[in-house]
Amino acid sequence: MAGKNEGPAIGIDLGTTYSCVAVWQRDRVEIIPNDQGNRITPSYVAFNETECLIGDAAKNVVARNPTNTVFDAKRLIGRRFSDSVVRNDALLWPFKVTCGANDKPMILVTYKGAEKQFTAEEISSMILTKMKEIAEAFLGCGVKNAVITVPAYFNDSQRRVTKDAGIISGLNVLHILVEPTAAAIAYGLNKKSSSSMVKNVLIFDLGGGTLDVSVLTMGKSTFEVKSTAGDTHLGGEDFDNRMVNYFVQDFNRRHKKDIRDNPRALRRLRTACERAKRNLSFMAHTTIGVECLYGGIDFESTITRAKFEELNMDLFDECIGHVEKCLKDAKMGKKSIHDVVLVGGSTRIPKVQQLLQDFFNGKVLCKSIHPDEAVAYGAAVQAAILTGQGNHEIQDLVLCNVTPLSLGVCVGEDEMFVIIPRNTTIPTKKIEWFTTSHDDLTRETVKVYEGERSRASDNILLGAFVLSGFPPAPRGVVQIKVCFDIDTDGILTVSAKEKTTGVTNNITISNVKDITSKDEIERMLKEAARLKLEDEEQKKKFEAMKSLKNYVYDTRATFWNSTLPVADAKKIERELKSAIKWLDEHEFAEAYVLEKKRKELESIWDTFFKKV
Ligand code: AMP
């Protein structure tokens, strides 16, 4: 936490296409205009012979310098080069992306005459530096403290990378806040005076690059994210792409020329398409014109709103599908939603609004907060809270988020033991007790997984560590306390402690395998649903194995505590040994085999112990 005397604290919405910075001043939020007077700044960085341009200056030269003007860096944050999404994106970008160490995507540009490589976080840090400078010019003093926003589905690693970008830019990152929660803060403040009842709100955030849908429950001064859904790859740029493709074909048809081999022409066409798309939010048709687009040919054409809608209808339908899913995850019906809030520039598209309104049976959508500024607004409020600079109205706000996937450890024969279920509100801390899996072990490996499948190895291994140094003991005697702790930034620390010796070890999941992107989460959830039956079978096997093991080891404990005649004791000991051997040899046995074995052992041992 930072204190009041550490100067102003800003909120930064680090967007895929645009970024926005705001500050809490004189009991209200100010959205800070940049040096061009614009309240949002393009998330663009351009490199040339002499300098590096950021924001409007970079976007203005994109047509002249397409291969060295970088945008969409947020799409690369925390991703691998081999990720198919990265490869597909790279096909559309005029700048080059190559594979760096550890499969990290590297952005390749020519800067001051030399070839240079940058990571996505380095580009993001340049944009953050620009936002910091915009705030400093406006406030007339240095700014250190900031709250930065990320999409709700950014995993631990992506949040960390964003935090690192903030640190590289010289900021003290007070908190990484998820975008829909930030929007909800903005919305909550607007609405607070009018009502004090608990409300369910659906935040529909459709920006340039991503769709984030969240269901939140808002109390008098609390915001709890109940569920999140969406797509990291669905937004305004995808709608632009559809129009670009349409006009590329149009040009080809008319002039028998394919402009796709010319990045500059493509870029100029894209800029014109984006402008046309914006116009179509207010007009029924618009003209698009680009002088000397390709081969000296001027291009001019018209497009109607109806055509634009037709080109994108499947994408718009997908957006509504994510709304449905989010409600399902929150276990709420459409009628439970009191308000539907629009955030993100692409929610200005009339068809999107209409589909959403139809889905909610004609409910009037909330447009009271500025779609481009709500996230930075909320981040500024959060920054003020964290530095104690806000007034009493905002100081009581409590913010909660949720875990996108279940988190747990591997126990027994590859069983996923869930410690923090999916959609648990964070920050959270959960403790579970475990024992050693076999006799006489002096070390146990704690493997941390994320996912919904019942077999641990079908989920994502986030990390592992060894707890060692405790004395050997029979299975069931050693007690190991495992604690899962997720902080407000969504960063997970797992610790394990053996009870008698107090030996301990822990891991902070900072280097998540960089694959639990939103797409990956979507894929995993779909797969878990598809393989539900198989998983249930697997669960049965785990249960049967657990029950049989417990029975065998409990019987052994009873045997050790009993005083049997030597002959009987020898016989039982032999049988126990053979049962334990059988267990080791039948790790993957079917549930019915395990149940049969248990019945067989019960019939011998239960009658025997009863008899003695
Ligand atoms: P954001 O990421 O929230 O800043 O949203 C940026 C996206 O919103 C870009 O793809 C813009 O093209 C899009 N956008 C902004 N204004 C409009 C508009 N009037 N109609 C359609 N899309 C818009």
Side-chain angles (χ1 to χ4, degrees), residues 11-22 31 34 38-44 55-56 59 62 71-75 77 89 92-93 124 127 131 148-154 178-180 182-183 186-187 203-214 230-244 267 269-286 288 303-309 311-313 315-316 319 341-356 365 367 369-379:
I12 303 177
D13 167 12
L14 180 63
T16 312
T17 42
Y18 287 95
S19 295
C20 183
V21 57
I31 303 291
N34 65 19
N38 298 326
R39 289 158 75 89
I40 52 174
T41 300
S43 303
Y44 277 58
D56 288 299
K59 195 168 183 194
V62 70
F71 53 94
D72 272 1
K74 189 171 168 182
R75 284 194 189 263
I77 288 262
D89 273 342
L92 287 169
W93 287 325
S124 293
I127 297 160
M131 303 317 284
I148 303 173
T149 59
V150 292
Y153 265 80
F154 257 27
V178 295
E179 288 160 9
Y187 175 76
I203 310 272
F204 182 85
D205 182 353
L206 185 61
T210 59
L211 166 68
D212 272 294
V213 188
S214 312
D231 191 331
T232 39
H233 217 76
L234 186 53
E237 282 165 9
D238 300 292
F239 312 145
D240 298 345
N241 285 343
R242 290 284 169 93
M243 214 200 286
V244 169
R267 183 66 236 173
L269 182 60
R270 180 181 303 279
T271 306
C273 285
E274 203 243 356
R275 206 175 305 124
K277 175 188 73 176
R278 287 176 185 249
N279 287 342
L280 290 175
S281 292
F282 308 100
M283 303 151 90
H285 57 87
T286 188
I288 157 161
I303 180 161
T304 62
R305 186 189 285 177
K307 185 72 204 173
F308 171 71
E309 290 171 358
L311 291 173
N312 286 291
M313 204 53 207
L315 297 178
F316 296 160
C319 295
V341 179
L342 300 185
V343 185
S346 300
T347 57
R348 291 194 180 93
I349 297 171
K351 193 72 189 176
V352 171
Q353 294 187 5
Q354 187 212 320
L355 289 174
L356 203 53
L365 308 175
K367 303 177 201 168
I369 40 176
H370 200 302
D372 298 329
E373 298 171 358
V375 172
Y377 185 115

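Whatever order the structure lists ligands and atoms in, that order sets their numbers, starting from 1. Any value given below was found using the heavy atoms of this structure, including those in side chains, with hydrogens, waters and symmetry copies removed. Bear in mind that the values here come from a model prediction, so they are computed numbers and not experimental data.
Close contacts of ligand 1 with Gly207, meaning ligand atoms under 4.0 Å from a residue heavy atom, involve 1 (P), 2 (O), 3 (O), 5 (O), 7 (C). Applying the 4.0 Å criterion to heavy atoms of Ile349 picks out, from ligand 1, the atoms 21 (C). Remark: ligand 1 atoms within the under-4.0 Å shell around heavy atoms of Gly344 are 3 (O). Atoms of ligand 1 lying under 4.0 Å from at least one heavy atom of Phe282, given by number and element, are 19 (N).
Using a 4.0 angstrom heavy-atom cutoff, Gly15 does not count as in contact with ligand 1.
Taking atom 19 (N) of ligand 1 as the reference point, the nearest protein heavy-atom neighbour is Arg348 CD, 3.4 Å. At the shortest separation from atom 21 (C) of ligand 1 among protein heavy atoms lies Ser281 OG, 3.3 Å.
The shortest side-chain heavy-atom distance between Arg270 and Asn241 falls under the 4.5 Å cut-off.
Rounded to the nearest 0.5 angstrom, Ser346 OG and Ile349 CD1 are separated by 5.0 Å.
Looking at Glu237, Arg278, Lys277, it is Arg278 that brings a heavy atom closest to atom 15 (C) of ligand 1. The heavy atom nearest to atom 7 (C) of ligand 1, considering only Pro350, Gly236, Gly208, is found in Gly208.
Donor-acceptor pairing under 3.5 Å is lacking for the side chains of Arg39 and Asn34.
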